[in-house]
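In what follows, a structure is listed as structure tokens, so that the remarks can point back to it.
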Amino acid sequence: MLDNAPILPPEIAHPEIGRRRTFAIIAHPDAGKTTLTEKFLLFGGAIQMAGQVRAKGEARRTRSDFMKLEQDRGISVSASAMSFDFGPYRFNLVDTPGHSDFSEDTYRTLTAVDAAIMVIDGAKGVESQTRKLFEVCRMRDLPILTFCNKMDRESRDTFEIIDEIQENLAIDVAPASWPIGSGRDFIGCYDLLHDRLELMDRADRNRIAETVQISGLDDPRLAQHIPADQLDKLREDIEMARELLPAFDRKSFLEGHLTPIWFGSAINSFGVKELMAGIGEFGPQPQPQTAAERQISPDEDKVAGFVFKVQANMDPKHRDRVAFVRLASGHFERGMKLLHVRSKKPMAVSNPVLFLAADRELAEEAWAGDIIGIPNHGQLRIGDALTEGEALRFTGIPSFAPELLQNVRAGDPMKAKHLEKALMQFAEEGAAKVFRPMIGSGFIVGVVGALQFDVLASRIEQEYGLPVRFEPSQFTSARWVSGAKEAVEKFAQVNKQHMATDNDGDLVYLTRLQWDIDRVVRDHPELKLTATKEMMV
């Protein structure tokens with residue numbers, strides 16, 4: 001599939017681990033992330049035909065959006081993981097929600113990958129959500145590859161797009177390809193890394209672009225494929241780009257200081273294969289993971305991994321819950337007994353799964369860098385560690401204070417118990433925060449974005465047959481309370497009407513105004529109020 005497939009770098013001794021590439025795709029909604037994911041699966045031989053997000057008929061639904069609400073609205077709201085081979089590489093692709101209301105899921109997903117692909121729209125450039133997600137990648141020093149999509153529509157000047165990325169995101173940009181024309185005049189790209197011409201076929205969207213091997217920009221064969229005025233502009237632009245922009249440097253890219261950029265059109269399958277080859281050739285191998293006790297190197301013999309996501313009811317017929325586990329080290333084999341560190345109990349992993357979006361297959365084995373799903377009945381939660389005996393606690397998996405709080409009521413008061421079960425399940429999945437107030441009955445549900453309430457209501461009705469309604473709450477935000485045990489208990493007794501516990505049983509202070517928080521900070525210096533909580537167990 002890859003011409004001149006590169007030899008695997010010798011950094012990791014084990015060839016199976018060395019060929020893993022685990023990455024996420026981040027983008028503002030509508031930049032074309034789901035379409036790009038589809039084309040990755042198509043070129044990886046994982047699906048036979050790519051369906052548009054809003055294509056007709058169930059047969060052509062996108063494969064990475066399996067929730068009913070995602071299919072109805074054409075957006076991705078939960079991060080799904082997919083594994084497939086491309087050339088000599090094994091890609092583990094984690095699709096993330098682009099919608100800002102689901103950013104917490106995305107933040108957690110980025111703890112489980114070694115690199116990210118940033119998709120931007122050729123007409124809109126860097127948008128607000130892209131900026132936010134980029135900041136998270138920056139905090140984690142993740143290497144970033146950029147794909148500028150929708151070049152077959154009217155788009156901005158190439159230099160302008162590159163300038164905007166450099167200015168807004170404070171990162172160097174090295175062009176890996178250069179677009180020839182834009183909008184209706186877009187005919188393809190010049191591959192700067194391999195000196196080749198890539199031509200787009202508009203007739204068949206699933207066809208791989210034609211590659212013309214040439215020897216540099218002075219090759220007379222270029223004139224056979226590119227109109228004279230466009231060829232002059234291409235030569236001029238590339239000469240300028242080579243003088244003004246940095247050349248691609250893998251070390252600088254792996255350290256997170258430089259991003260290579262490819263141009264293309266995901267819907268026309270153009271530029272995607274070059275991007276995939278770039279991930280294989282330059283992308284990082286599985287990286288060491290950080291635990292409270294020490295760093296875990298991928299080529300250690302013993303298996304260790306952590307849960308970064310829990311998805312309930314992926315298969316509505318079976319009421320199942322699947323924990324997504326990123327393997328940090330070792331060679332995992334089906335049937336292994338692993339220590340569930342939080343409960344200190346051994347756990348036989350007898351039917352682990354590898355995902356191809358909504359499809360899954362039993363994983364007979366997996367290596368460091370892979371993402372496997374472990375079906376379970378609620379034992380595994382976000383942040384849990386699984387090891388071959390060592391008590392490790394993985395760090396850096398965040399839980400954020402919700403920005404919107406609402407009371408929730410079951411349509412049928414007799415089903416309050418069912419509602420509690422459903423809410424606890426979503427809380428453990430990380431889809432919402434569920435608070436139980438100290439005074440009064442009922443629950444308060446907290447989320448990061450308003451669309452999450454729609455998703456919760458839709459899922460509780462779909463998965464539990466339980467209509468619910470969300471009602472405004474008097475509270476606007478929540479903070480976790482920590483400090484000396486006596487001081488916390490005394491504070492909780494005095495402020496009972498503001499106190500609640502989250503689904504882990506930790507104390508939470510519910511507030512109406514910023515003034516409430518300021519007052520506690522001023523009057524109770526012995527206590528700490530925090531807006532995030534490490535999901536360390």
Side-chain angles (χ1 to χ4, degrees), residues 11-12 17-27 33-34 36-37 40-41 44 64 76 78-84 86 89-98 102-119 129-130 132-147 171 253-256 259-260 275-276 278-291 295-298 304-311 323-329 354-357 366-373 382-383 385 394-398 430 535:
E11 298 151 38
I12 287 178
I17 298 174
R19 75 185 195 96
R20 272 25 191 193
R21 297 288 180 273
T22 304
F23 58 94
I25 299 187
I26 59 172
K33 181 168 61 64
T34 305
L36 183 65
T37 304
F40 270 45
L41 296 178
S64 57
S76 302
S78 71
S80 46
M82 288 151 271
S83 301
F84 54 94
F86 179 71
Y89 302 105
R90 161 53 63 105
F91 281 0
N92 294 306
L93 158 61
V94 186
D95 187 27
T96 60
F102 299 92
S103 50
E104 185 169 355
D105 199 16
T106 305
Y107 291 144
R108 283 200 291 264
T109 300
L110 291 173
T111 60
V113 296
D114 302 312
I117 292 174
M118 176 168 72
V119 185
Q129 185 60 13
T130 318
K132 256 182 165 167
L133 293 168
F134 178 83
E135 282 309 316
V136 182
C137 295
R138 173 55 60 81
M139 281 177 345
R140 301 188 54 77
D141 286 331
L142 281 182
I144 291 175
L145 303 98
T146 304
F147 184 69
I171 189 168
F253 155 67
L254 290 176
E255 288 168 356
T259 175
L275 173 66
M276 291 173 80
I279 298 162
E281 200 171 336
F282 311 119
Q285 301 179 328
Q287 296 296 296
Q289 301 293 321
T290 308
Q295 277 233 321
I296 293 119
S297 166
F306 62 92
V307 177
F308 67 93
K309 178 184 171 59
V310 175
Q311 179 72 54
F324 287 75
V325 174
R326 154 77 195 234
L327 290 179
S329 65
L354 278 174
F355 294 97
L356 205 116
W367 296 83
D370 281 339
I371 288 166
I372 57 170
I382 291 169
F394 287 88
T395 58
I397 302 169
M535 298 186 85

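Just so you know, residue 1 is the first one in the sequence shown, and it goes up from there. Side-chain atoms are counted along with the backbone in the values below, which use heavy atoms only and exclude waters and symmetry mates.
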Nearest-0.5 Å distance that lies between atom CD1 in I382 and atom OG1 in T111: 9.5 Å
Ring pair (Phe, Tyr, Trp, His ring centres under 6.0 Å) partners for F253, two or more places apart: F248
Heavy-atom donor-acceptor pair, R21 side chain to G280 backbone, under 3.5 Å: yes
Interatomic spacing from CD1 in I371 to CG in L93 - rounded to 0.5 Å: 9.0 Å
From CE (M276) to CZ (F23), nearest 0.5 Å: 7.0 Å
Minimal non-hydrogen separation, P298 against A368, with atom names: O-CB, 3.5 Å
Ring geometry between Y89 and F91 (parallel below 30°, tilted from 30 to 60°, perpendicular above 60°): parallel
Backbone N/O of G369 and side chain of N92: donor-acceptor pair under 3.5 Å: yes
Spacing of CD1 belonging to I279 relative to CG belonging to L145, to within rounding of 0.5 Å: 6.0 Å
A328: partners by side chain to side chain contact (heavy atoms under 4.5 Å, CB included), with sequence neighbours left out: Q289, I296, F394
Atom pair CZ (R326) and OG1 (T22), whose distance is rounded to the nearest 0.5 Å: 5.0 Å
Residue pair P284 / D114: nearest heavy atoms and the distance that separates them: CG-O, 3.3 Å
Worked verdict on F147 versus I25 for side chain to side chain contact (heavy atoms under 4.5 Å, CB included): CA-CA 10 Å; F147 184 69; I25 299 187; over 6 Å; no
Closest contact, heavy atoms only, R90 versus S83: NH1-CB, 3.8 Å
Non-hydrogen atoms of I17 and W367 that approach each other most closely: CG1-CE3, 3.9 Å
Gap between atom CG of L254 and atom CG of D141 - 0.5 Å precision: 11.5 Å
Side chain to side chain, F324 and V94, heavy atoms closer than 4.5 Å: no
Shortest non-hydrogen separation from Q285 to G18 and the atoms involved: NE2-O, 3.5 Å
Any residue meeting side-chain hydrogen bond (donor to acceptor under 3.5 Å, both in side chains) with S329, in chain and number order, not counting sequence neighbours: none
Set of residues satisfying salt bridge (Lys or Arg N to Asp or Glu O under 4.0 Å) with respect to R20, sequence neighbours excluded: E16, D370
Contact summary for L327 and A366, nearest pair of heavy atoms: CD1-CB, 3.6 Å
Single hit among T37, T34, L36, T146 for side-chain contact (heavy atoms from CB on, under 4.5 Å) with V119: L36
